[in-house]
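One structure is given here, and the rest of the page talks about it.
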Amino acid sequence: MNASSGTGWNFSGGVLTITGNGSYIIEGTGAATTNRIVVQPGVAASVLLRDANINVNSMSDTCAFDMYLADVTLYLEGTNTLTSGAYRAGLEVRDGSKLTITSMAGDGSFNGTLNATGGSYAAGIGGWGSDSTIVGRMGLAGEITIYGGTITANGGVDASGNGGAAGIGGGNTNIVSDGGGVITINGGMITAIGSGGTAGSYSGAGAGIGSAAAHARIGDTIITLNGGTITAIGGYYPSSGSWPGESAAGIGGGYLNQGGMITINSAVNGPTITAHAAANLTQDLYRPAENIGHGQGTTSASTVYYIVTPPPPPCPVFVPPQTGGSGGGGQSETEEKGIPLREISNFYNANGVFSVYSPQTITIYQGDGKSAKVTLYENDTLYDAAQKINDAIARDLGQGAYVGGANCFCTISDGTPDTSESVYREEPVYSDPEYDASGKLVKPAEIVGYKIYATMLIRSAIPGAAGEMTFTGDEDVLKALGLNTIQQSHESEFSVTIYDAHSGKLVNPTQIVSGNMIYGAITDNVDVKFDPLANINVSWNEKMKQYEFARTAETTTTFVHLADNTMMLQIGANEGEDMSIHIGDTRSESLGLNRVLVIGRGVAARSITIIDSAIDKVSSLRTRLGAYQNRLKHTVTNLTTASANTTAAESCIRDADMSMETLNSTRLRILTQSGTAMLAQANQLPRTVISLIRG
């Protein structure tokens with residue numbers, strides 16, 4: 001908080017107290033804080049909760065968001081978390097209180113998140129939890145209506161395992177009444193989980209949506225489900241010793257509680273429901289609960305109606321506070337903001353057909369490749385259209401991060417002097433005067449309506465091509481809003497000097513760069529993209545109704561870490577006989593193809609240049625790859641020839657001369673046979689002589 005008080009609110013002792021009717025914006029950073037929110041009894045307030053994370057679970061009997069006997073419409077934007085201490089609901093809506101929850105889009109969508117967790121015995125969203133020392137009906141929830149957002153609600157369990165509260169609905173007071181109150185869900189993505197204890201501690205069990213454990217009275221729980229995606233799981237306390245265990249319904253009654261009256265819209269566009277009683281998960285419970293109906297341990301029948309009802313009324317639209325800060329009084333809309341689109345002639349074609357009779361979606365494309373969608377409805381006003389476009393640019397296109405709270409990306413001229421915008425004005429339309437037969441004026445001309453002139457200006461806080469916005473959608477709607485007139489952007493000029501971060505050596509002297517890309521300044525193959533608002537401050541000029549850009553005094557330093565992804569191939573037998581191969585980045589963003597649009601003649605013409613450049617880069621890379629392939633092919637051919645020559649040489653050295661070896665073999669056989677014959681003859685001669693002697 002930057003102040004201690006303002007119109008309708010004060011902040012003291014870590015508690016933001018809303019004391020007056022009106023609209024309030026409560027914005028966090030996403031980091032956990034123990035600063036709490038209290039809406040005083042009797043106050044009717046619209047509260048926008050944006051990225052708030054309140055965690056007081058370590059503080060007993062302390063509530064993150066308390067709105068006892070108040071009427072609050074809660075709008076969700078970003079991610080929000082409410083975690084309370086023992087006996088207190090995460091978002092406390094006790095009997096006599098009225099809470100309406102919807103997403104900031106105001107259309108029943110899922111954007112905007114709320115995670116609410118109660119402390120011991122208390123609901124995630126709904127009634128208080130307590131022991132028998134508390135007197136009253138604090139556990140009974142009030143009136144809770146949900147139109148949109150992604151909501152997760154968990155009933156509380158304390159450190160000893162005690163629980164028994166509903167995810168959305170009643171807390172467990174263990175006295176007289178722990179009913180779920182009046183719960184209506186028209187849209188959104190809802191997950192509600194009732195709490196139960198752990199074995200060995202008495203606790204009870206609460207429904208996912210409905211009442212907590214024990215002692216609810218008939219009529220204390222009225223549940224109506226018209227739409228949305230709903231998941232509800234009842235709490236479960238397992239059996240222990242002689243205690244048989246207990247469970248609650250997914251939707252309806254807690255342990256020992258009837259489910260009250262449950263009405264489900266069975267129309268085609270009705271809710272998608274997943275409901276489970278925790279008893280379905282075990283087999284040791286003597287009386288299981290119903291998925292939709294009464295809890296375990298009660299014989300009181302639940303009343304469940306399946307009907308087809310008309311669609312719920314439209315969800316409320318957030319009206320910003322009149323002044324900045326965390327709160328303020330109510331704001332009356334200026335006349336032009338309240339003009340419905342159906343009363344503006346531009347939104348009717350030549351045949352008199354209203355162009356937004358059915359919802360129309362406009363897509364916004366930003367030059368850096370981001371996109372956002374905006375949907376207009378029949379009952380939207382001109383201010384609604386401007387606010388939706390403004391929020392889409394701020395959130396989905398990311399420009400809100402550059403301008404702080406001055407989110408003036410889309411505005412309607414308010415008709416004040418000293419402005420660069422065309423003023424809003426009305427021109428009366430008169431009826432024809434009436435005359436009698438003598439020509440005397442009988443009835444003067446009267447004002448029967450007005451022609452309305454207003455200028456909607458859309459601005460970009462990002463200079464140059466990266467911040468250019470192009471709109472697509474129904475042509476009649478674009479013309480009616482004047483979105484077919486786009487002004488030329490101008491690139492910022494940056495002075496860039498490049499040093500080696502390790503040695504401090506100058507790599508590239510100072511050069512002037514137009515736009516947020518540096519081409520080939522480090523190496524021929526490396527381009528550097530940087531923030532288009534580096535070293536630039538953006539401020540809003542309220543008088544001129546425009547963003548102004550100014551150079552900051554500081555110098556922006558950016559470190560670029562280069563990693564060598566070159567592949568080394570050994571292509572020879574010796575050291576140093578290798579080859580390097582490197583391939584550049586060819587992803588669509590690197591080639592600039594993420595900025596290619598063909599939704600209009602101007603941007604399509606610019607896209608031709610982007611595509612030509614991408615083709616040149618890819619062709620250059622293909623040429624390089626072809627050179628690599630040719631070189632490797634020649635290397636393979638040379639190595640194959642060398643291998644063949646080496647094999648032939650080895651063959652000359654190692655292989656036998658077959659003709660010579662055959663000749664030698666024949667010669668040696670002849671000599672062997674001749675020697676054998678001569679030896680035989682030599683041996684024969686002595687035998688002959690001996691035989692002669694013997695006579």
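What you see is a predicted model, and the numbers here were worked out from it, not measured in a lab.
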Please identify each residue that fulfils side-chain hydrogen bond (donor to acceptor under 3.5 Å, both in side chains) with [X], with sequence neighbours left out.
X    : value
T274 : none
N574 : E577
D368 : Q366
N53  : none

Please round to the nearest 0.5 Å and tell me the distance separating atom [atom1] of [X] and atom [atom2] of [Y].
X    : Y    : atom1 : atom2 : answer
N154 : N115 : CG    : CG    : 8.0 Å
E475 : N349 : CD    : CG    : 11.5 Å
I190 : I101 : CD1   : CD1   : 7.5 Å
E378 : F347 : CD    : CZ    : 13.0 Å
K388 : K373 : NZ    : NZ    : 14.5 Å
T470 : Y365 : OG1   : OH    : 9.5 Å

(request) Scan side-chain atoms only and decide if Q399 and S460 contain a donor-acceptor pair under the 3.5 Å cut-off. (result) yes
(message) Regarding D384 and T381, do their side chains bring together a donor and an acceptor under 3.5 Å, going by distance alone?
(response) yes
(request) Decide yes or no on side chain to side chain contact (heavy atoms under 4.5 Å, CB included) for I230 and T272, but give the supporting numbers first. (result) CA-CA 6 Å; I230 302 168; T272 300; over 6 Å; no
(request) Could you list the residues that satisfy ring-ring contact (aromatic ring centres under 6.0 Å, His included) with F494, not counting sequence neighbours? (result) F530
(message) If the condition is ring-ring contact (aromatic ring centres under 6.0 Å, His included), which residues does Y499 pass it with, not counting sequence neighbours?
(response) none
Do you know the tightest heavy-atom contact between [X] and [Y]?
X    : Y    : value
G78  : D51  : CA-OD1, 3.3 Å
A461 : V538 : O-CG2, 4.0 Å
P532 : I462 : CG-CG2, 3.6 Å
R459 : C408 : NH1-O, 3.1 Å
L478 : G473 : CD1-N, 3.7 Å
N346 : A480 : O-CB, 3.4 Å

(request) With side chain to side chain contact (heavy atoms under 4.5 Å, CB included) as the test, would you mind laying out the steps for I458 and I393 before giving the verdict? (result) CA-CA 9 Å; I458 300 175; I393 296 173; 3.7 Å; yes
If the condition is side chain to side chain contact (heavy atoms under 4.5 Å, CB included), which residues does [X] pass it with, not counting sequence neighbours?
X    : value
A392 : I364, A372, V374, D396
P463 : S492, L533, F549
N80  : L49, A52, L76, L114
T646 : none

Indicate yes or no: at least one non-hydrogen side-chain atom of [X] is less than 4.5 angstrom from one of [Y].
X    : Y    : result
T472 : I362 : no
N379 : R342 : yes
L341 : Y377 : no
D380 : V356 : no

(request) Please lay out, stage by stage, how R551 and N535 fare under the test side chain to side chain contact (heavy atoms under 4.5 Å, CB included). (result) CA-CA 6 Å; R551 175 182 177 182; N535 209 33; 4.1 Å; yes
For [X], does the [atom1] atom sit with more than 12 other heavy atoms under 6.0 Å from it, leaving out its own atoms?
X    : atom1 : result
M567 : CE    : no
M568 : CE    : yes
F354 : CZ    : yes

(request) With sequence neighbours excluded, give me every salt bridge (charged side-chain N to carboxylate O under 4.0 Å, His left out) pair touching residues 354-366. (result) none
Measure from the side-chain N and O atoms of [X] to the backbone N and O of [Y], and report whether any donor-acceptor pair falls under 3.5 Å.
X    : Y    : answer
S665 : E661 : no
N390 : F409 : yes
T640 : V636 : yes
R50  : I25  : no

(request) For side chain to side chain contact (heavy atoms under 4.5 Å, CB included), just list the numbers for L569 and I581, CA-CA rounded to whole Å, side-chain angles, deciding distance to a tenth of an Å, and then say yes or no. (result) CA-CA 8 Å; L569 300 180; I581 295 178; 3.4 Å; yes
Let me check something: any side-chain donor-acceptor pairs from residues 609-627 under 3.5 Å, sequence neighbours excluded? List them with distances.
unit_1	atom_1	unit_2	atom_2	d
S619	OG	I615	O	2.8
T623	OG1	S619	O	2.9
R624	NH1	H582	O	3.4

